[in-house]
Amino acid sequence: MLNELTSTCEHCDRELDDDHCMMVFETDAGQRRAYECDCGAVTITVHR
């Protein structure tokens, strides 16, 4: 089930792919990614 998760826009539910990834920040606790959707919304994800 977890391998089926996708990043989607919180505002319009569009799927966010690598082309929408604007920033990646890595720490010991994991990776944070910022995606900017075509609608203008920004979605932050956390990958551990």
Side-chain angles (χ1 to χ4, degrees):
M1 182 171 157
L2 289 178
N3 59 349
E4 296 176 21
L5 292 177
T6 61
S7 298
T8 57
C9 177
E10 294 280 325
H11 183 71
C12 70
D13 290 329
R14 287 184 188 147
E15 187 172 331
L16 301 172
D17 56 20
D18 288 339
D19 291 338
H20 291 94
C21 186
M22 298 296 141
M23 183 174 60
V24 178
F25 181 74
E26 293 200 38
T27 68
D28 291 337
Q31 188 180 82
R32 278 78 171 147
R33 296 181 184 180
Y35 295 87
E36 184 176 1
C37 183
D38 294 335
C39 76
V42 174
T43 300
I44 306 296
T45 62
V46 177
H47 298 262
R48 295 179 189 230

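Counting Ile, Leu, Val, Met, Phe, Trp and Tyr side chains that sit under 4.5 Å apart, directly or through other members, Leu16 shares a hydrophobic cluster with Tyr35.
Sorted by first then second residue, the side-chain hydrogen bond (donor to acceptor under 3.5 Å, both in side chains) pairs that include residues 5-15, not counting sequence neighbours, number zero.
Around CG of Asp18, the count of heavy atoms belonging to other residues, nucleotides or ligands within 6.0 Å does not exceed 12.
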Tell me which donor-acceptor pairs under 3.5 Å the side chains of residues 37-48 have, and how far apart each pair is, sequence neighbours excluded?
from  : atom 1 : to    : atom 2 : distance (Å)
Asp38 : OD1    : His20 : NE2    : 3.4
Thr45 : OG1    : His47 : NE2    : 3.3

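When the side chain to side chain donor-acceptor pair (under 3.5 Å) test is applied to Gln31, the partners found at least two apart in sequence or on another chain are Glu26, Arg33.
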